[in-house]
Amino acid sequence: MHHLFQPLQVGPLTLPNRILMAPLTRCRTERDHLPNPLMAEHYTQRATAGLLIAEATMVMAGNSAFWMEPGIYSPEQVEGWRLVTGSVHRAGGRIFLQLWHGGRACHPLLNDGIQPVAPSPIAIADDTVRTPEGKQPYVVPRELRDDELPGIVAGFRQAAGNALAAGFDGVEVHGANGYLLDQFLRDGSNRRTGPYGGSMANRARLLFEVLEAVAAIWGSERVGLRLSPLNRFNAMSDSDPVGLAGWLAGQLNPFNLAYLHLMRGDFLGPTELDVLTPVRERYRGVLITNMGYTPAEAEAAIGAGQCDAVAFGVPFLANPDLVARIRAGEPLNEADMNTFYTPGPKGYIDYPFLAGG
Ligand SMILES: Cc1cc2nc3c(=O)[nH]c(=O)nc-3n(C[C@H](O)[C@H](O)[C@H](O)COP(=O)(O)O)c2cc1C
């Protein structure tokens with residue numbers, strides 16, 4: 001595992017290895033979207049990751065898509081996150097925060113009755129969302145007016161400033177998995193006319209405005225971006241996902257980001273399409289990839305120059321000492337899907353470490 005253990009320069013940070021933790025929503029807050037000591041323990045257990053990318057976090061009030069997810073729009077939330085970042089740093093780790101807006105994946109029952117917003121009034125079909133009143137179908141979102149979009153950008157800017165105050169090492173803008181920025185990017189969910197709909201450049205306009213606003217707070221070299229052009233999760237589609245991915249990769253170069261974090265596949269099943277190759281060809285910065293990698297495949301992918309680092313999701317969820325296990329060639333714990341989104345410590349901070357680790 002020679003390549004996985006080479007240091008990697010990400011902006012001003014030197015990552016000690018290339019085994020990164022992918023963002024994982026775990027719904028462990030208890031009230032008011034407040035991060036807490038339990039979350040601090042969870043992340044601290046995993047602090048040997050080259051980089052921890054903390055879970056999707058609400059940039060603005062009224063946009064919750066997961067019951068009990070964290071936010072970063074209130075002073076109390078900033079204090080809660082300080083527990084997490086302080087503890088991770090004392091353990092020698094590095095941690096970015098994933099900033100997001102759920103768009104049409106939000107639900108009125110999670111948001112005091114507020115109707116979700118989106119680029120176009122198209123509901124997520126054939127799926128449900130967990131709410132205090134049980135699983136519910138998604139609702140038809142309200143189409144955002146062009147003059148409301150500066151408010152969305154301002155929400156990301158404010159959250160970026162809050163993340164800085166909370167002691168993170170950087171932020172990752174969530175442009176993936178069918179949430180608001182991805183809903184704008186892909187033409188299955190964006191049917192707008194005008195400056196934010198139609199061409200790739202128009203569909204990417206909001207994302208680029210958000211990146212600029214967040215980079216103005218952090219410096220671009222501490223801002224990452226996550227994309228998932230092939231993911232059909234959340235009823236997403238695009239007429240030319242490979243073309244969109246390659247085009248975006250080229251357009252992103254001048255942003256001089258910390259990294260681009262590319263999900264190579266589709267949660268809903270195998271795909272023949274390849275976005276990794278065209279993105280690697282056109283993107284000149286640090287490229288992190290993710291989705292379904294074993295340690296051996298990750299090692300080979302870095303060795304073959306396909307990417308610079310690999311983010312592990314479920315393997316890190318179930319193995320707080322994933323880095324040590326890979327180094328020692330030890331088997332990995334299996335994840336328990338039943339506790340992915342349940343409250344409390346079970347399935348969150350009780351996965352075993354290697355004996356003697
Ligand atoms: C429980 C769970 C929560 C997740 N939460 C997020 C999230 O908050 N943000 C995100 O971008 N992806 C999220 N994902 C996707 C993961 O980051 C990752 O892309 C996925 O698990 C595939 O990688 P893997 O095969 O290494 O697990 C989540 C996945 C799971 C299983």
Side-chain angles (χ1 to χ4, degrees), residues 4 18-29 33 35 39 42-43 46 49-59 63-72 95-103 105-106 129-130 171-183 185 207 224-234 236 259-271 275-276 288-299 301 307 309-319 322-323 325-326 332-343 346-348 351:
L4 284 171
R18 296 165 186 237
I19 302 164
L20 317 189
M21 180 170 157
L24 295 166
T25 292
R26 304 301 307 281
C27 303
R28 256 50 178 206
T29 73
H33 306 288
M39 290 167 60
H42 170 78
Y43 284 111
R46 289 157 178 76
L51 178 67
L52 298 167
I53 306 167
E55 67 211 78
T57 295
M58 298 162 64
V59 296
N63 293 289
S64 178
F66 281 85
W67 194 16
M68 300 294 179
E69 68 179 298
I72 187 134
I95 184 167
F96 274 39
L97 182 66
Q98 192 182 46
L99 299 178
W100 83 324
H101 185 307
C106 301
V129 51
R130 264 179 68 241
V171 290
E172 176 176 286
V173 171
H174 196 340
N177 297 348
Y179 300 108
L180 185 72
L181 296 175
D182 196 21
Q183 290 160 25
L185 279 178
L207 171 68
L225 170 65
R226 193 170 217 216
L227 296 174
S228 63
L230 298 178
N231 202 352
R232 289 176 300 151
F233 175 68
N234 276 331
M236 293 298 290
Y259 61 78
L260 176 59
H261 184 177
L262 183 70
M263 292 167 65
R264 63 175 173 171
D266 177 6
F267 283 163
L268 304 190
T271 168
V275 285
L276 190 51
I288 302 168
T289 186
N290 162 255
M291 239 172 144
Y293 281 87
T294 61
E297 194 191 357
E299 169 71 15
C307 60
V310 173
F312 293 87
V314 174
F316 244 121
L317 185 155
N319 295 273
L322 183 65
V323 172
R325 284 174 191 260
I326 293 175
L332 304 185
N333 300 323
E334 289 292 320
D336 172 15
M337 283 180 68
N338 297 319
T339 51
F340 276 8
Y341 302 113
T342 48
K346 190 170 160 21
Y348 192 54
Y351 282 103

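When a ligand or atom number is given, it counts from 1 through the structure's own listing order.
Near Pro315, meaning under 4.0 Å from one of its heavy atoms, ligand 1 places the atoms 26 (O), 27 (O). Less than 4.0 angstrom separates some heavy atom of Met291 from each of these atoms of ligand 1: 22 (C), 23 (O), 25 (O). Ligand-side atoms of ligand 1 in range of Phe312: 26 (O), range being under 4.0 angstrom from any heavy atom.
Distances shorter than 4.0 angstrom occur between a heavy atom of Gly292 and an atom of ligand 1.
Of the protein's heavy atoms, Gly313 N, 2.8 Å lies nearest to atom 26 (O) of ligand 1. Summary of contacts: the protein heavy atom closest to atom 10 (C) of ligand 1 is Arg226 NH1, 3.1 Å. Nearest protein heavy-atom contact of atom 1 (C) of ligand 1 is Tyr341 OH, 3.4 Å. Shortest contact from atom 9 (N) of ligand 1 to any protein heavy atom: Gln98 OE1, 2.8 Å. The protein atom (non-hydrogen) at minimum distance from atom 30 (C) of ligand 1 is Leu24 CD2, 3.7 Å. Atom 27 (O) of ligand 1 has its closest protein heavy atom at Val314 N, 2.8 Å. When hydrogens are left out, the protein atom nearest atom 15 (C) of ligand 1 is Phe267 CZ, 3.6 Å; that is the closest non-hydrogen contact.
A side-chain N or O of Glu55 and one of Tyr43 form a donor-acceptor pair less than 3.5 Å apart.
Between the side chain of Arg264 and the backbone N or O of Thr289, no donor-acceptor pair lies under 3.5 Å. With Glu172 contributing its side chain and Leu97 its backbone, the two residues share no donor-acceptor pair below 3.5 Å. Asn333 places a side-chain N or O within 3.5 Å of a backbone atom of Ala318 that can act as its donor or acceptor partner. Not a single donor-acceptor pair under 3.5 Å links the side chain of Gln98 to the backbone N or O of Arg226.
Counting heavy atoms from C-beta outward, His261 and Leu225 have side chains that stay 4.5 Å or more apart. Side-chain contact check for Val310 versus Ile19: every heavy-atom pair is 4.5 Å or farther apart.
Ranked by closest heavy atom to atom 19 (O) of ligand 1, the top entry among Thr25, Asn290, Ile53 is Asn290. The closest heavy-atom contact to atom 13 (C) of ligand 1, among the options Pro23, Gly175, Ala22, comes from Pro23.
With Phe66 as the aromatic partner, Arg26 does not meet the cation-pi criteria of under 6.0 angstrom to the ring centre and within 45 degrees of the ring axis.
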